[in-house]
Amino acid sequence: MSSTEPSASEQHQIRVQKLQELREMGIIPYPYSFDTTHTSKQILENEDLVKQDDQDAEDAPQVAVAGRIMTRRIMGKSTFFNLQDSDGTIQVYIRRDDVGQENYNTVFKKLTDIGDIVGIKGHVFITGTGETTVYANEFVLLSKSLRPIPIPKEVETEEGETKVYDAFSDKEQRYRQRYLDLIVNPDVRDVFQQRSEMVQAMRNFMNDKGYLEVETPILQPIYGGASARPFVTHHNTLDMKLYLRIANELYLKRLIVGGYDGVYEFSKDFRNEGLSRFHNPEFTQVELYVAYKDYNWMMDFVEAMVEHVAKKLHGSTTVQVGKHEIDFSRPWPRIPMFEAIEEATGKDLYGKNLSTLKEAAHELGIELEGSAGKGKIIDEIFGECVEPNLIQPTFITDYPIEMSPLAKKHRTKEGLVERFECICNGKEIANAFSELNDPQDQRERFEAQAKLRSAGDEEAMTIDEDFLRALEYGMPPTAGLGIGIDRLSMIMTDSDSIRDVLFFPQMKPEGGK
RNA sequence: GAGUCGGUAGCUCAGCUGGCAGAGCAACGCCCUUUUAAGGCGUGGGUCGUGGGUUCGAUCCCCACCCGACUCACCA
């Protein structure tokens, strides 16, 4: 919408008019820079900046801050307003007699609005009510805002609790206009700050071990590494079909073949599936592959890294998530999948045939598609009867081979692979295995997948000949891991929807198609 | 994909059995030089999600559609 469009709101039109008046006065409403000396937080935390009683204003330490005007309390010839910057909010006091009649009456009082970005220079003092405040002797407009921002009001009750009035709370608008959400809801900024710190902590943890951060293709001619339906796109010049990756596993393992001992990648993956509180079409995983290790080693690693992350973010191994206090301190329980199922249902399903499994599922009240194989049924039973009850971080180990075409056969247990998932708060947050490096076995697994595929399973994997060729050159024994960054962020920030840990979650277009 | 609930001013929300569309904050005008949900007096602001229908008359009733939240299903 153009700013002059007649449908613009009254308030929008008034601001456009103000912008015009400012230009006519020779004021540049969008200047090029402003040098700050402090952030709001730095001023609030540094008592030495406050002007002493026996000090003249000019002799007091000078500060320069910049930010967005959030509230305004005009009292004739002087005004208090709150300036919000990336660190928080600080109060500013400005008087006509200090900044000049025209500057104060016309530029500030008449032509400046809540939402405008301004720069302030002055000294720091403490008001009669005890609030640290910047006393402005210079005021400059840095960006004129044309749209009114939502203005929540915060009040402290007598019990010291903060009550918010008129919160900007409509979830649709908050997701669609995340910039507004960030301006108005400081908690949102904290969530994303924590997410960033979490990724940083993981990256540092892996770098300290000497693993190499790498990048692999997002556009792939053959997608693989997971069971999911892909997004399809097309390359014009090459005139070929390309897929957005659903995982980066097969590329990272090629790099292990190439001789790296440890590689990892934080990767955006894309899966053409439904949306939910836990699913966004694009999401982030970190995948890590370490040569000469197995899944037992990887469990130690995951425990250590996640515990490290919790301490970094919360200064403690315990994190409050909803009603639960989750304790990430090592070690975490390690329970073979069939034992976990037996414990929860009283049924020992290990080594049972298809019809027995179907019967068991039926008795547990689980509905199955007719085509469901053994692996699928066991997964359903596990997902229904066990997973939701695992609140504290727990490793579930040794999965049926049918569900894990890229994992190595278990060294002692027939029909299983050396795989674990870490379940926390009732959801999977990590998935790992001793990687299958026997090229002949891998080919057979791919062929089994191809069979499922031709039987109509759209999520089954396709055969990746180049990956098989790589394995045939020889891949060392390798432990591989994937951790869902969005899921872990949800836990670490106590968010109950994936949309709250993504800046721009997928939405349908505004106003329909 | 299915079910439930919702969409009214810039924001948060009222709106009874169908009868001129409301409040607080924000905006506009005036007063106010240590306020803080600042205060006081006054004023303006609406495609009631969209399109049909019923009716003398629809924000309200009916139908379809769009968007969202939540729950379920698939998936990580």
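Here is how names work: the chains are called A, B, and so on, in the same order as the sequence lines, proteins then strands, and each is numbered from 1. What's counted below: heavy atoms across the whole structure, side chains too, no hydrogens, waters or symmetry copies.
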| message | Going by side chain to side chain contact (heavy atoms under 4.5 Å, CB included), name the residues that satisfy it together with A:Asn431, two or more places apart in sequence or in a different chain. | response | A:Arg419, A:Glu421, A:Glu428, A:Phe433
| task | Pick base, sugar-phosphate or nothing for A:Asn82, based on heavy-atom distances below 4.0 Å to the nucleic acid. | result | nothing
| task | Would you mind telling me which of B:G68, B:A26, B:U35 lies closest to the side-chain atoms of A:Gln11? | result | B:A26
| message | Taking only the C1' atom of each, what is the distance from B:U4 to B:G15 in whole angstrom? | response | 23 Å
| query | If you measure from the C1' atom in B:U12 to the same atom in B:A26, how many Å do you get, rounded? | reply | 11 Å
| said: Regarding A:Glu10, tell me which of base, sugar-phosphate or nothing describes its non-hydrogen contacts under 4.0 Å with the strands shown. | reply: base
| request: Have a look at A:Ser40 and tell me which of A:Thr132, A:Asp85, A:Asp87, A:Thr89 forms a side-chain hydrogen bond (donor to acceptor under 3.5 Å, both in side chains) with it. | output: A:Asp85
| request: Identify whether the distance between the nearest side-chain nitrogen and carboxylate oxygen of A:Glu282 and A:Lys268 falls below 4.0 Å. | output: yes
| Nearest-Å distance for atom pair CG/C1', residues A:Asp170 and B:C67 | 11 Å
Name the pairs: protein N/O against N/O of nucleotides 38-43 of chain B, kept only if under 3.5 Å.
{"from": "B:A38", "atom 1": "OP1", "to": "A:Lys153", "atom 2": "NZ", "distance (Å)": "2.6"}
{"from": "B:A38", "atom 1": "OP2", "to": "A:Arg73", "atom 2": "NH1", "distance (Å)": "3.4"}
{"from": "B:A38", "atom 1": "N6", "to": "A:Ile74", "atom 2": "O", "distance (Å)": "2.6"}

| query | So, is A:Arg277 near the phosphate of B:U71, with a side-chain N or O under 4.0 Å from OP1 or OP2? | reply | yes
| Set of residues satisfying side chain to side chain contact (heavy atoms under 4.5 Å, CB included) with respect to A:Arg453, sequence neighbours excluded | A:Tyr223, A:Ala460, A:Thr462
| request: Searching all strands shown, indicate the nucleotide that pairs with B:U34 (Watson-Crick or G-U wobble; both distances under 3.5 Å). | output: none
| message | Using the C1' atom as the point on both nucleotides, what is the distance between B:G57 and B:C65, in whole Å? | response | 25 Å
| note | Note: for A:Pro152 and A:Lys109 on RNA chain B, the residue whose nearest nucleotide lies more 5' is A:Pro152
| Between atom CD1 in A:Ile114 and atom P in B:A27, what is the gap in whole Å? | 5 Å
| query | How close or far is atom C1' of B:U34 from atom OH of A:Tyr135, stated in whole angstroms? | reply | 10 Å
| field | Complementary nucleotide of B:A23, counting Watson-Crick and G-U pairs under 3.5 Å | value | B:U12
| For A:Tyr175, which contact category applies under a 4.0 Å heavy-atom criterion: base, sugar-phosphate, or nothing? | sugar-phosphate
| So which nucleotide from B:A26, B:U35, B:U12 ends up closest to the side chain of A:Thr129? | B:U35
| said: Heavy-atom nearest nucleotide on RNA chain B for A:Gln91 versus A:Gln173: which residue maps closer to 5'? | reply: A:Gln173
| field | side-chain N/O A:Lys171 vs B:G68 OP1/OP2, d < 4.0 Å | value | no
| query | Reckon A:Asp379 touches a base, only the sugar-phosphate, or nothing at all at heavy-atom distances under 4.0 Å? | reply | nothing
| Is the shortest side-chain N to carboxylate O distance from A:Glu265 to A:Arg245 below 4.0 Å? | yes
| Sequence neighbours excluded, which residues qualify as side chain to side chain contact (heavy atoms under 4.5 Å, CB included) partners of A:Glu138? | A:Lys121
| field | Span that lies between the C1' atom of B:U50 and that of B:C66, in whole angstrom | value | 7 Å
| message | So, OP1 or OP2 of B:C28: does either fall under 4.0 Å of a side-chain N or O from A:Lys110? | response | no
| said: A:Gln173: which residues meet the side chain to side chain contact (heavy atoms under 4.5 Å, CB included) condition with it, sequence neighbours left out? | reply: A:Phe168, A:Asp170, A:Gln177
| remark: Among the nucleotides B:U12, B:G10, B:G68, whichever has the atom closest to the side chain of A:Met507 is B:G68
| Can you tell me how far P of B:A76 sits from CG of A:Leu481, to the nearest Å? | 16 Å
| query | Given B:C11, B:A26, B:U35, which nucleotide is nearest the side-chain atoms of A:Ile151? | reply | B:A26
| message | I'd like the P distance from B:G51 over to B:G39, given in whole Å. | response | 40 Å
| task | Would you state whether a donor and an acceptor, one from the side chain of A:Ser169 and one from the base of B:U12, lie under 3.5 Å apart? | result | no
| said: I'd like to know if A:Arg178 pairs up with A:Asp181 as an ion pair, taking the criterion as any Lys NZ or Arg NE/NH1/NH2 lying under 4.0 Å from an Asp or Glu carboxylate oxygen. | reply: yes
| request: Report the distance from atom CZ of A:Arg96 to atom C1' of B:U34, rounded to the nearest whole Å. | output: 17 Å
| said: Considering every strand and a 4.0 Å limit on heavy-atom distances, what is the contact class for A:Ala228: base, sugar-phosphate, or nothing? | reply: nothing
| How would you label the contact of A:Gly128 with the nucleic acid (heavy atoms, under 4.0 Å): base, sugar-phosphate, or nothing? | base
| Taking NZ, NE, NH1 and NH2 as the nitrogens, is one of them in A:Lys253 or A:Glu435 under 4.0 Å from a carboxylate oxygen of the other? | yes
| task | Rounded to the nearest angstrom, tell me the gap between atom CG in A:Leu275 and atom C1' in B:G68. | result | 13 Å
| If you check the A:Thr127 side chain, which of B:A76, B:U36, B:C32 turns out closest? | B:U36
| field | Whole-angstrom distance between B:G40 and B:U35, as gauged at atom C1' | value | 15 Å
| field | SB check A:Asp113 A:Arg15 (cutoff 4.0 Å) | value | yes
| message | Mind checking if A:Phe168 touches a base, just sugar-phosphate, or nothing, with heavy atoms under 4.0 Å? | response | sugar-phosphate
| field | C1' gap between B:A2 and B:C60, integer Å | value | 28 Å
| request: Ignoring the backbone of A:Lys376, work out which of B:U35, B:C74, B:C67 is nearest its side chain. | output: B:C74
| query | If you measure from the ring centre of A:Phe283 to the centre of the six-membered ring in the base of B:A76, is it under 5.5 Å, with the planes under 30° apart? | reply | yes
| Atom-pair distance (CG on A:Asn425; P on B:A76), nearest Å | 18 Å
| request: Check every strand shown and say whether A:Glu282 touches a base, only sugar-phosphate, or nothing at a heavy-atom separation below 4.0 Å. | output: nothing
| Starting at CZ of A:Arg176 and ending at C1' of B:G49, how long is that distance when rounded to a whole Å? | 12 Å
| field | Watson-Crick/G-U partner (both atom distances under 3.5 Å) of B:C28 | value | B:G42
| request: Can you tell me, in whole Å, how much space there is between the C1' of B:G10 and that of B:G3? | output: 34 Å
| request: Go through the structure and list residues passing ring pair (Phe, Tyr, Trp, His ring centres under 6.0 Å) with A:Phe231, not counting sequence neighbours. | output: none
| remark: Checking N1-N3 plus N6-O4 or O6-N4 for Watson-Crick, or N1-O2 and O6-N3 for wobble, each under 3.5 Å, the partner of B:G3 is B:C70
